[in-house]
Amino acid sequence: MDTIFTKIIKREIPANIVYEDDLVIAFLDITQATKGHTLVVPKTPYKDIFELPEEVAGHLFSVVVRLSQAIKKAFSPLGLNTLNNNGIIASQSVFHFHMHILPRYENDDLKHMHMVNHSASLTKQDFESIRASILNALL
Ligand code: AMP
């Protein structure tokens with residue numbers, strides 16, 4: 001399904017493009033959650049990570065690495081998050097796969113996802129059962 005990203009790819013609406021090749025485009029996120037906040041997007045409109053072919057993902061992530069290095073050189077952030085949201089529950093708002101590159105600065109106001117540690121309530125068997133489910137699904 002076409003989204004606003006397809007319009008950017010087709011140059012129907014403007015964007016601040018920082019990288020482009022046959023498979024991938026990258027442009028500044030309009031919100032600039034932090035300075036240099038960039039989106040890396042496959043040109044084919046895969047909805048989410050579940051539709052993304054592994055070979056496209058491999059190339060796309062190499063572009064994420066290259067741009068992260070460029071952003072580090074340009075702005076000297078103290079750190080950097082990469083982020084990908086899939087599904088409404090996971091805060092996806094544009095249903096065309098994309099990776100966020102979010103450089104981090106002292107006193108920036110980015111509210112990062114808070115991961116609670118549940119390990120104290122899980123047994124060795126719980127971990128083994130979770131592991132077995134994933135191993136089985138990989139077959
Ligand atoms: P997500 O919530 O992970 O789906 O991220 C979608 C991102 O697309 C948000 O961070 C938006 O700010 C960004 N976005 C939406 N429209 C545009 C646009 N026209 N140009 C640049 N970024 C956009």
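All figures in this text were calculated on a predicted structure; none of them were measured in a lab. Below, all heavy atoms of this structure are taken into account, side chains as well, without hydrogens, waters or symmetry copies.
- Taking 4.5 Å as the limit, some side-chain heavy atom of Ile88 sits within range of a side-chain heavy atom of Phe95.
- Using a 4.5 Å cut-off between side-chain heavy atoms of Ile, Leu, Val, Met, Phe, Trp and Tyr, with links allowed through other members, Val18 and Leu23 fall into the same hydrophobic cluster.
- Note on residues 63-87: no pairs pass salt bridge (Lys or Arg N to Asp or Glu O under 4.0 Å), not counting sequence neighbours.
- Considering CG of Asn84 and CG of Asp48, their distance stands at 8.5 Å, rounded to 0.5 Å.
- Note on Ile49: it does not cluster hydrophobically with Leu102, by side-chain heavy-atom contacts below 4.5 Å among ILVMFWY residues.
- Hydrophobic clustering, with ILVMFWY side chains joined whenever heavy atoms are under 4.5 angstrom apart, groups Leu39 together with Ile8.
- Both Ile13 and Val94 belong to a single network of hydrophobic side chains, linked directly or stepwise wherever heavy atoms of I, L, V, M, F, W or Y lie under 4.5 Å apart.
- Contact record, Ile71 with Gly36: CD1-O, 3.6 Å, taken as the closest heavy-atom pair.
- Taking the side chain as every heavy atom from C-beta outward, Thr82 and Leu80 approach each other to under 4.5 Å.
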Below 3.5 Å, can you tabulate the donor-acceptor pairs from side chains in residues 128-137 to any protein atom, sequence neighbours excluded?
residue : atom : partner : partner atom : Å
Glu128  : OE2  : Arg131  : NH1          : 3.4
Ser133  : OG   : Ser129  : O            : 3.0

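- A donor-acceptor distance shorter than 3.5 angstrom exists from the side chain of Thr34 to the backbone of Pro103, with no hydrogens or angles considered.
- Sorted by first and then second residue, the side-chain hydrogen bond (donor to acceptor under 3.5 Å, both in side chains) pairs involving residues 94-105 (not counting sequence neighbours) are His37-His100, Asn81-Arg104, Arg104-Asp108.
- Between Val40 and Tyr19 the shortest side-chain heavy-atom distance does not fall below 4.5 Å.
- Closest approach of Pro42 to Ile9, counting heavy atoms only: O-CD1, 4.1 Å.
- Under the 4.5 Å side-chain criterion, counting only non-hydrogen atoms from C-beta, Asp2 is in contact with Lys10.
- Scored by the side chain to side chain donor-acceptor pair (under 3.5 Å) test, Asn85 finds no partners at all (sequence neighbours excluded).
- For Leu78, the CG atom counts as densely surrounded, since its 6.0 Å shell holds more than 12 non-hydrogen atoms of other residues, nucleotides or ligands.
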Show me the donor-acceptor pairs, under 3.5 Å and distance only, between side chains in residues 54-65 and residues at least two apart or in other chains.
residue : atom : partner : partner atom : Å
His59   : NE2  : Asp21   : OD2          : 2.6
Ser62   : OG   : His59   : O            : 2.6

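- In this view, Glu20 and Arg11, Lys43 satisfy the side chain to side chain donor-acceptor pair (under 3.5 Å) rule, not counting sequence neighbours.
- Other residues, nucleotides and ligands contribute only 12 or fewer heavy atoms inside 6.0 Å of the CD atom of Glu106.
- Phe27 and Ile4 fall within the same hydrophobic cluster, defined by Ile, Leu, Val, Met, Phe, Trp and Tyr side-chain heavy atoms under 4.5 Å apart, directly or through other members.
- One distance of note links CD1 of Ile17 with CG of Leu28; it measures 10.0 Å at 0.5 Å rounding.
- No donor-acceptor pair under 3.5 Å is formed between the side chain of Glu51 and the backbone N or O of Phe97.
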